[in-house]
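Only one structure is covered here, and it is reproduced in the block below.
Heavy-atom basis, side chains included; hydrogens, waters and symmetry copies ignored.
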Amino acid sequence: MIPNIGWATFEQLVFGGTAGANFLTQPVPLVVVIVGLMILTAVISGYVVLFAWRRRPTPGSTGLVAFGLASGWWSAGYLLELLVEDLTLKLALANLQWIGVLAAPLAWFLFSFSYAGRDRYTAPASLLALSVLPLASLVAVWTNPLHHLMWGSVTVVPAVGRTITVLQTEWGPLYWVVLGYSYLLWLAGSAAILRTALDMPTIYRLQAATLIVGALMPVLGNAATTLLELYGPAIDMTPAAFAFAGLACTVAISRYELLEARPVPRWVARERVVETMADAVLITDTKWRVTDVNQSAARILGDDNAELKGRPIGDVIEEFSPDQRDTDQITVRLGSGQRYFELRTSAFTDHHGRDIGHALVFRDVTDRRLNLQQLEVMNRVLRHNLRTEANLLEGYANLVLDDIDGGELDDARDHAQTLHDHASTLVNISQKARKLGVARDNDGSGDIRLLPAAVQIRAAADAVRADSPGANIRLSSLPDPEIVCAPTLEPIVRELVENGVQHNPSSTPVVSVTATADERELVIRVEDDGPGINASELAAIDAHGETQLRHASGLGLWLVKWGVDQLGGTVAFHSHDVGGTEVVLRIPALRGE
């Protein structure tokens, strides 16, 4: 039968007075177990350090190395302290242990947050801030006789005969601050691992559970030691408890592939995907004010995240209105050029279904739009223009044969000339189609040699003069030689000048080319005195596509449009009331080195 004793009697028997001292000196098996665990801690810590050191590039390995070194240092130092009887030497060993005492929580924090993917908290600046209190405490330990902030008095008390002795310490105020701070680091690290493991596959959940259980053992051992020291001297069980932490790391290494693969938390994966995706993403509140943007959106809009936050969406993207909905096509201007985006909007709601904001996703469909335009035009050329010209060739060839058979040589000559003209048209279409194929193949991914814009404009004019000696090609002004552009500029200008010459019935067609440049853009004006471009031609270009009822008769204007788009510029066509056309190209100005 267990005797009926009160709490005061139990407390006096276990913790206080003579009975408390006897309790400390009697449980030899317990002391042997604690000493054995400390030896085991040193061995296991060495294994963990060696394993993690060999995997240094793996996230978390540095923290695990530091954790193994700190726990091993603490355990080995405390074991030596127990075996030494001299107070001065005991204090020296205790002071050395404080390196491991203060480093272990920091190392656990570093490992845990690296493991959990929260790298911003393991950056040098963050670690330095976290280390301020431990470093100040280490200085306080070595200078304690001057201020007694860490402890006030300390004496040597035997634990097992005179073989093992412990220090009975009266702790100072800074010690309790450091103790609480260390507990916070332990708990923060464990919480980070636990939070990460909740969304992970089974193997990572087993890793996390093993690590957390092992890491909490030193905390429980330290808490138990702190409680016992309130009633008298006690052996510190924290170094011995590190054996369980080491065993947990060993199990996680051998059974659950610790450090072999890093878990990617769901929030990290989603954040990285959104930040690195090609689509532009803007987040707004319920008032349509921008609260966040990804890297693509900041690059497209030409501002950083901080500059865009807080601005109304209408100020950031003028072409967008909150009334627009999914699949609406809007245009976002980039400098003097323009890109086409497909818009997707969605509302964010809380757990009660209330709106808290919106997500706007802009997908760049410029290339897709251009490809569709080119396919439409090429389909029309093959289906309509080539077929028409081929039928005309066949018809006039038959007429030539009939005229020859009938002896009507003059009519045969006229029909042959018409036949030649239509054959030239076919050759012209094939040449432009070849230019289109070159433009499609040139996706701009390679290095492009930039050439002076003035040289390209002059070369385009000279080429047209050589083909049409009767034309009057005037170069009113040219930009400075340092203004450069991709080689695409020359065929664009040549196409415009050639168009002004070929479609002018005058025997001496006049085409004027004027080019000016400032810090931002190169402006080229090509003006002719011909009949002007047919309205249906311009309608197809302005509509950004062709239909059966509306299409441009040839490829020339399309080649100009696509070439200017490739240069990131714009093209505008203006017909004069008295006849003639002015084409204005606006292209971003580049300056050569």
Check the surroundings of atom CZ in R311: do more than 12 heavy atoms from other residues, nucleotides or ligands lie under 6.0 Å from it? yes

With a cut-off of 3.5 Å and sequence neighbours excluded, list every side-chain donor-acceptor pair involving residues 168-179.
from : atom 1 : to   : atom 2 : distance (Å)
E170 : OE1    : S153 : OG     : 3.2
W171 : NE1    : E229 : OE1    : 3.2

Euclidean distance, L282 CG relative to H358 NE2, rounded to 0.5 Å: 13.0 Å

Verdict with reasoning, I356 to T349, per side chain to side chain contact (heavy atoms under 4.5 Å, CB included): CA-CA 5 Å; I356 58 176; T349 58; 5.7 Å; no

Not counting sequence neighbours, list each pair that qualifies as a ring-ring contact (aromatic ring centres under 6.0 Å, His included) and has a residue in residues 207-229. none

Which label fits W186 and F242: parallel for a plane angle under 30°, tilted from 30 to 60°, or perpendicular past 60°? tilted

With sequence neighbours left out, write down each residue that passes ring pair (Phe, Tyr, Trp, His ring centres under 6.0 Å) with F244, or none if nothing qualifies. none

Atom pairs and distances, side-chain donor-acceptor, residues 123-138, under 3.5 Å, sequence neighbours left out:
from : atom 1 : to   : atom 2 : distance (Å)
S126 : OG     : R120 : O      : 3.0
S131 : OG     : L127 : O      : 2.7
S137 : OG     : L133 : O      : 2.8

N95: partners by side chain to side chain donor-acceptor pair (under 3.5 Å), with sequence neighbours left out: none

Is the centre of the Y121 ring less than 6.0 Å from the centre of the F113 ring? yes

What distance separates L360 CG from S346 OG, expressed to the nearest 0.5 Å? 8.0 Å

Sort and list the pairs that fulfil side chain to side chain donor-acceptor pair (under 3.5 Å) and have at least one residue in residues 214-224, not counting sequence neighbours. Y183-N222, N222-T238

With a 6.0 Å cut-off (strictly less than), is the heavy-atom count around CH2 of W98, excluding the residue itself, greater than 12? yes

Is a salt bridge present between R591 and E519, judged by a nitrogen-to-oxygen distance below 4.0 Å? yes

